[in-house]
2 protein chains.
Amino acid sequence: MTRGGKRTGAGRPTGTGQYGEETKPVRVPVSKVNAVKDFIKNETELPTLPLYGSDVQAGGPTPADDYVENQINLHDYVVERPAETFFVRAKGQSMKNIGIGDGDLMVVDRSIAPRNGHVVIAAVDGDLTVKRLNKTTDCLELLPENEEFQPIRVSSEQHCHIWGVVTNVIHRV
Amino acid sequence: MTRGGKRTGAGRPTGTGQYGEETKPVRVPVSKVNAVKDFIKNETELPTLPLYGSDVQAGGPTPADDYVENQINLHDYVVERPAETFFVRAKGQSMKNIGIGDGDLMVVDRSIAPRNGHVVIAAVDGDLTVKRLNKTTDCLELLPENEEFQPIRVSSEQHCHIWGVVTNVIHRV
DNA sequence: CATTTTATTTTTGTTACATAATTCAAAATA
DNA sequence: TATTTTGAATTATGTAACAAAAATAAAATG
């Protein structure tokens, strides 16, 4: 006894797969199969988050989407030249006045030519320090941003190398 | 005319493929096929950068790899719960003392239950503000971190909603 | 009408296959 | 004999194909 016949509209709907999208087999080295699967899932969640301006007018429990200025990817926001950028953890409070505190993560770009006024990472006789650069014809000064600290005057006998210019600071509150 | 016969050792050797390893087909959403291929070849610039401790002993032009503490992905470093996290740009200097300045990007986690001492994003009568939370049985206070500013005492007639707790600040230097 | 059964259609992991790539050895050539 | 050409052997690689699972609608049943 047949129950047959065409059933238009029946069947699993398209887009009900785990990716909501067509898939295609790709050959992957066996050692990376799991990493690739993770990669696919992690990339599915965009690494961007909404940015709300602080002039938002709202009282609701969640900021309204109207006020989203932008979706921001932190990495892109903070690093311009990945190949030339690295992080250094700050030590001490000598730059406190400009918001660099002990333990903060500094983003350093080594491709920026250091100029006076730049906040730089300098290695003086092998010791790393963050300071504001002030170079005159006579001497090289490294200025703190905290009255409790003294400027460093680098003598000609001392070894000093500028590693890069600090572009951003990430501060745990 | 035959040129035949057994040829032991002939043929393409194993491991001469582009990955030097056995491969296996994996289903990938079509929009990510290229990203996955890049990922396999490691041509994807990983969004991680090296972190150097500030106790590095070095004088060379580039920090030595020995001193790399870690490869850091900024996004992961700063956001714990992506679905519950958003950014707000700071306005004004009322929290200057703890390193939050005008224009800084604040990372806000709305899943953290706000407690006294937490730095929170509050909407008071529709105005957004960053302050330190101090709630007593009688009243709710929002304390600045700058002597030039006054605490905000939220009266019972006023609308106040805490949007979330500030966990990190990104500061352009 | 509610529930169960059957049919239909898409997803998904894997196998299979045709073609490309790479190497070895025999045959042809110089 | 030394070198080049040709054919055979073997693995790599992209994709078609297949089978099982999943999801839904229609039909049958009570």
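Residue numbering restarts at 1 for every chain, and letters A, B, ... go by the order of the sequence lines. Hydrogens, waters and symmetry mates are skipped; everything else that's a heavy atom, side chains included, is used.
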(Q) Base, sugar-phosphate or nothing for A:Pro25? Non-hydrogen atoms, less than 4.0 Å. (A) base
(Q) Please compare A:Val26 and A:Thr16 by the position of their nearest nucleotide in DNA chain D and report the one closer to 5'. (A) A:Val26
Q) What do the steps show when you test B:Asp104 against B:Arg89 for salt bridge (charged side-chain N to carboxylate O under 4.0 Å, His left out), and what is the final call? A) CA-CA 6 Å; B:Asp104 288 356; B:Arg89 200 175 290 289; over 6 Å; no
Q) Among D:dT13, C:dT14, C:dT10, which nucleotide sits nearest the side chain of A:Thr14? A) C:dT10
Q.
Any salt bridge linking A:Lys91 with A:Asp102? Criterion: basic side-chain nitrogen under 4.0 Å from a carboxylate oxygen.
A. no
Q. Once you round it to whole Å, what is the distance between P of C:dT15 and NZ of B:Lys24?
A. 8 Å
Q) Does C:dA20 have OP1 or OP2 sitting under 4.0 Å from an N or O in the side chain of B:Gln18? A) no
Q) Of all the choices, D:dA23, C:dG13, D:dT13, which nucleotide is nearest to the side chain of B:Arg27 once you look at every atom? A) C:dG13
Q | Pairing of A:Lys96 and A:Glu145 as salt bridge, 4.0 angstrom limit | A | no
Q) Which word best sums up how the rings of A:Phe39 and B:Phe39 line up, parallel for under 30°, tilted for 30 to 60°, or perpendicular for over 60°? A) parallel
Q. For B:Glu22, which contact category applies under a 4.0 Å heavy-atom criterion: base, sugar-phosphate, or nothing?
A. nothing
